[in-house]
Amino acid sequence: MTGRFFEDHPATLVLDCLDNYTARDTINQAALAGHFDYIFASCAGTFGSVMPVSPTHHACLNCLYPNLAELKQTDCDLIGVNTALVPLVSALQVSLALHYLVDRASVQFDRLYTFDNWTMTQQTFRVQKADQCAMCHRLTWPVPTDTSDTLQVLCGTQTYQVTHALLPSLPLIEQHLENQKVPYKRFKTFLSFNWDGYTISLFKNQKLLLYGVSDLEAATRLYQTIKTAFNQEVIQP
């Protein structure tokens, strides 16, 4: 998701159904830049939070969470979610969306609603726009539109993904694997093969998935060997 998406698809209201604060920060930045509203919703353990956000004139996500940068660093922490919590959070989010569509003027954008479905308790907090909020006072945001060649871990796994636009085409790589007698399987949209003891999937859109890698350093080394081998040994058209 990028700022460019919201430029091409103007929004009146966006529902945040995400599971990480990195993506939520992108929505928050886009809402400030594009002057639209959204409804924040999150689930963690037995604790749920929902808040209508109109960041142009009211509190933004960064006002609500001044430690947003720290929260983004824990996006892949496995907390788990009580299954019964999800429909409760989504029901409140949809209720606020209907309220917004029918009578936006009466929506309380300075209210954060929280509840715990284990203790069956709920609270409402008033959230004010922070005078020193660095996000609210910015005019432009460096929202990346190109994440190629950047390794990212899939949360809760030992799988890393990366997209590299300069890799040779799939048929050329398949021919190279066959010539080198590297075991592989061909599927409709991707190849699966073994490399240095790891299972690799390479898709038509140049996305690579590296499975069973212990950490980012190991994933980076593995990716570099693949990229070097394919670009040096495969004849590109």
Side-chain angles (χ1 to χ4, degrees), residues 1-11 14-30 33-34 69 71-81 140-237:
M1 185 181 300
T2 66
R4 181 64 183 175
F5 174 86
F6 290 107
E7 292 177 10
D8 296 338
H9 304 81
V14 171
L15 299 187
D16 162 20
C17 301
L18 300 165
D19 64 354
N20 67 87
Y21 282 92
T22 299
R24 288 185 177 119
D25 187 31
T26 299
I27 287 183
N28 191 60
Q29 294 177 26
L71 290 174
K72 290 164 65 175
Q73 295 300 317
T74 61
D75 276 346
C76 287
D77 288 355
L78 296 181
I79 300 174
V81 177
T140 59
W141 298 267
V143 180
T145 57
D146 182 10
T147 58
S148 63
D149 221 24
T150 300
L151 284 158
Q152 297 175 314
V153 65
L154 301 184
C155 293
T157 71
Q158 289 187 318
T159 301
Y160 286 79
Q161 68 175 5
V162 62
T163 300
H164 185 64
L166 299 180
L167 284 177
S169 65
L170 214 58
L172 287 174
I173 290 179
E174 180 179 1
Q175 185 62 55
H176 174 71
L177 294 173
E178 189 169 323
N179 292 341
Q180 298 299 316
K181 301 188 183 325
V182 176
Y184 74 92
K185 292 182 179 180
R186 181 179 62 222
F187 299 90
K188 185 175 182 180
T189 58
F190 71 97
L191 294 174
S192 177
F193 57 93
N194 293 322
W195 192 276
D196 288 344
Y198 296 96
T199 299
I200 311 296
S201 290
L202 174 60
F203 293 79
K204 284 185 177 180
N205 63 359
Q206 303 289 43
K207 177 179 288 187
L208 274 168
L209 291 181
L210 318 175
Y211 299 96
V213 187
S214 59
D215 52 44
L216 179 59
E217 183 178 352
T220 301
R221 288 197 302 267
L222 177 61
Y223 171 54
Q224 290 299 330
T225 62
I226 294 173
K227 184 171 65 171
T228 300
F230 285 169
N231 281 297
Q232 289 182 352
E233 299 177 20
V234 180
I235 300 176
Q236 300 190 49

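Numbering of residues begins at 1 and proceeds along the displayed sequence. Model, not experiment: these values are computed from the prediction.
Remark: Asn179 pairs with Gln175 by the side-chain hydrogen bond (donor to acceptor under 3.5 Å, both in side chains) rule, at least two apart or across chains. A search for side-chain contact (heavy atoms from CB on, under 4.5 Å) contacts involving Leu222 returns Trp195, Asp196, Tyr198, Ile200, Leu210, Val213, Thr225, Ile226, not counting sequence neighbours. Partners of Leu216 by side-chain contact (heavy atoms from CB on, under 4.5 Å), not counting sequence neighbours, listed by chain and number: Leu151, Tyr160, Thr220. For Phe203, the ring pair (Phe, Tyr, Trp, His ring centres under 6.0 Å) partners are Phe190, not counting sequence neighbours. Not counting sequence neighbours, the partners of Gln161 by the side-chain contact (heavy atoms from CB on, under 4.5 Å) test are Gln152, Leu154, Lys207, Leu209. Contacts of Tyr184 classified as ring pair (Phe, Tyr, Trp, His ring centres under 6.0 Å), with partners at least two apart in sequence or in another chain: none. Listed by chain and number, the residues in a side-chain hydrogen bond (donor to acceptor under 3.5 Å, both in side chains) with Gln224 amount to none (sequence neighbours excluded). Remark: Asp25 pairs with Gln29, Lys72 by the side-chain hydrogen bond (donor to acceptor under 3.5 Å, both in side chains) rule, at least two apart or across chains.
The list of salt bridge (Lys or Arg N to Asp or Glu O under 4.0 Å) pairs with a residue in residues 179-193, not counting sequence neighbours, reads Glu174-Arg186.
Counting all heavy atoms, side chain and backbone alike, Ser192 lies closest to Phe187 at CB-CE1, 4.0 Å.
Taking OH of Tyr223 as the reference point, atom OG1 of Thr228 lies at 9.5 Å (rounded to 0.5 Å). Taking CD of Gln180 as the start and CZ of Phe193 as the end, the distance is 12.5 Å to the nearest 0.5 Å. Rounding to the nearest 0.5 angstrom, the gap separating the OG1 atom in Thr22 from the CD1 atom in Ile27 is 12.0 Å.
A side-chain donor-acceptor contact under 3.5 Å links Arg24 to the backbone of Leu18.
In this structure, Leu191 and Leu170 have side chains that are in contact, with non-hydrogen atoms separated by less than 4.5 Å.
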